[in-house]
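The structure under discussion appears below in the form of structure tokens.
All residue numbers refer to positions in the sequence shown, counting from 1. Everything numeric here is computed off the predicted structure, so don't read it as measured data. What's counted below: heavy atoms across the whole structure, side chains too, no hydrogens, waters or symmetry copies.
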Amino acid sequence: MTVADLDSAYLALTRVHPRALQVLVARFVARTDSGDGRSPEAFAAFYGVPPEAAQVLLWRAAEAFMAARSRADAPGPLPFEEERRRAQALHEALEGPLPPSSQALGRVVEALRGLSLHAAALRERLAEAERAELSSPEYTRETWLRRVAIVVVLAVSAWFYWRADLARWWADRSSALEGPRDAGR
């Protein structure tokens with residue numbers, strides 16, 4: 001993978017849905033005790049799912065990644081049995097010693113292996129992007145707006161929750177204050 005490929009892989013990672021990004025990073029980019037990325041068994045254990053479900057999860061993320069690399073829309077869902085079949089083929093191509101059975105699958109395998117090959121550089125770029133996002137004025141403004149919205153929701157919820165009690169308290173309080181004033185007239 002050249003620098004141009006590294007740049008296109010990074011841009012594709014930033015274009016995919018955050019869930020697909022998380023899956024690809026967990027499988028191919030994350031630093032682990034055994035090196036960069038996780039084995040298929042460790043990946044399935046990381047998500048707490050059976051290996052077959054982890055294969056489908058990875059296949060879906062790989063499809064979204066390849067669509068983002070080519071600047072196309074992510075493909076629509078397939079019947080589950082077809083997804084399982086394609087996920088199994090991807091798994092065998094990634095883990096097996098033989099080359100993939102098709103050119104399209106070969107391109108996917110090459111792109112995913114490229115993520116592992118440049119995992120350190122990708123981790124650094126993703127961390128830098130996260131730091132830039134967290135220090136941006138837009139993020140600060142969004143955070144404060146969310147906090148204000150939460151306070152408003154809590155205040156309105158409290159008002160509706162205690163509305164009857166507050167009305168009764170206010171009526172008792174106002175009648176107690178008005179009562180002696182009317183008696184002295």
query: Between CD of Glu110 and CG of Leu105, what distance do you get to the nearest 0.5 Å?
result: 12.0 Å
field: Atom of Ala111, atom of Phe65 and distance for their closest heavy-atom approach
entry: CB-CE2, 3.9 Å
message: Side-chain heavy atoms nearer than 4.5 Å, only ILVMFWY residues, links allowed to pass through others: does that put Trp170 and Trp159 together?
response: no
- prompt: Does the side chain of Leu115 come within less than 4.5 Å of Leu13's, by heavy atoms?
  reply: yes
message: Checking side-chain contact (heavy atoms from CB on, under 4.5 Å) between Asp165 and each of Tyr161, Trp169, Trp162, which is the one that passes?
response: Trp162
query: How many angstroms lie between CZ in Arg107 and OG in Ser102, if you round to the nearest 0.5 Å?
result: 8.0 Å
field: Side-chain heavy-atom pair Leu112, Leu90 within 4.5 angstrom cut-off
entry: yes
message: Side-chain heavy atoms nearer than 4.5 Å, only ILVMFWY residues, links allowed to pass through others: does that put Leu154 and Val152 together?
response: no
- prompt: Do Val56 and Leu24 share a hydrophobic cluster, counting only Ile, Leu, Val, Met, Phe, Trp and Tyr and linking them when any side-chain heavy atoms are less than 4.5 Å apart?
  reply: no
task: Taking only Lys NZ, Arg NE, NH1 and NH2, and the carboxylate oxygens of Asp or Glu, determine whether Glu83 and Arg60 approach each other closer than 4.0 Å.
output: yes
query: Taking everything shown except Glu128 itself, do over 12 heavy atoms lie less than 6.0 Å from its CD?
result: no
message: Would Glu52 and Gln88 count as a side-chain contact (heavy atoms from CB on, under 4.5 Å) here? Give the steps.
response: CA-CA 8 Å; Glu52 296 80 21; Gln88 181 63 32; 5.7 Å; no
query: Should the heavy atoms of other residues, nucleotides or ligands under 6.0 Å from CD of Gln22 be counted, would the total exceed 12?
result: yes
field: Approximate separation, where rounding is to 0.5 Å, of Gln55 CD and Glu95 CD
entry: 9.0 Å
Distance-only donor-acceptor pairs under 3.5 Å for side chains of residues 31-48, two or more places apart:
from: Thr32; atom 1: OG1; to: Ser34; atom 2: N; distance (Å): 3.4
from: Thr32; atom 1: OG1; to: Ser34; atom 2: OG; distance (Å): 3.3
from: Thr32; atom 1: OG1; to: Gly35; atom 2: N; distance (Å): 3.4
from: Thr32; atom 1: OG1; to: Gly35; atom 2: O; distance (Å): 2.8
from: Thr32; atom 1: OG1; to: Gly37; atom 2: O; distance (Å): 3.0
from: Asp36; atom 1: OD1; to: Arg123; atom 2: NH1; distance (Å): 2.9
from: Asp36; atom 1: OD1; to: Arg123; atom 2: NH2; distance (Å): 3.3
from: Arg38; atom 1: NH1; to: Ala26; atom 2: O; distance (Å): 2.8
from: Ser39; atom 1: OG; to: Glu41; atom 2: OE1; distance (Å): 3.4
from: Ser39; atom 1: OG; to: Ala42; atom 2: N; distance (Å): 3.1

- prompt: Quick one: do Phe160 and Leu166 end up in the same hydrophobic cluster if we chain Ile, Leu, Val, Met, Phe, Trp and Tyr together by side-chain heavy atoms under 4.5 Å apart?
  reply: yes
message: So which atom in Ala12 and which in Arg69 form the shortest heavy-atom distance, rounded to 0.1 Å?
response: CB-CG, 3.4 Å
query: Among the clusters formed by ILVMFWY side chains lying less than 4.5 Å apart, do Leu134 and Leu126 turn up in the same one?
result: no
task: Over all heavy atoms of both residues, which pair between Ala61 and Val23 is shortest? Give the atoms and the distance, please.
output: CB-CG1, 3.7 Å
field: Approximate separation, where rounding is to 0.5 Å, of Tyr10 OH and His118 NE2
entry: 16.0 Å
Leu58 and Leu94: CA distance, side-chain angles, deciding distance, side-chain contact (heavy atoms from CB on, under 4.5 Å) verdict: CA-CA 11 Å; Leu58 179 61; Leu94 281 169; 4.1 Å; yes
message: Any heavy-atom pair between the side chains of Arg125 and Leu11 that's under 4.5 Å?
response: no
Atom pairs and distances, side-chain donor-acceptor, residues 73-82, under 3.5 Å, sequence neighbours left out:
from: Glu82; atom 1: OE1; to: Arg85; atom 2: NE; distance (Å): 3.3
from: Glu82; atom 1: OE1; to: Arg85; atom 2: NH2; distance (Å): 3.3
from: Glu82; atom 1: OE2; to: Arg85; atom 2: NH2; distance (Å): 2.5
from: Glu82; atom 1: OE2; to: Arg86; atom 2: NE; distance (Å): 2.7
from: Glu82; atom 1: OE2; to: Arg86; atom 2: NH2; distance (Å): 3.3

query: What is the minimum heavy-atom distance between Arg15 and Ala68, and which atoms define it?
result: NH1-O, 3.3 Å
message: Please determine whether the number of non-hydrogen atoms from other residues, nucleotides or ligands lying under 6.0 Å from atom CZ of Arg147 exceeds 12.
response: yes
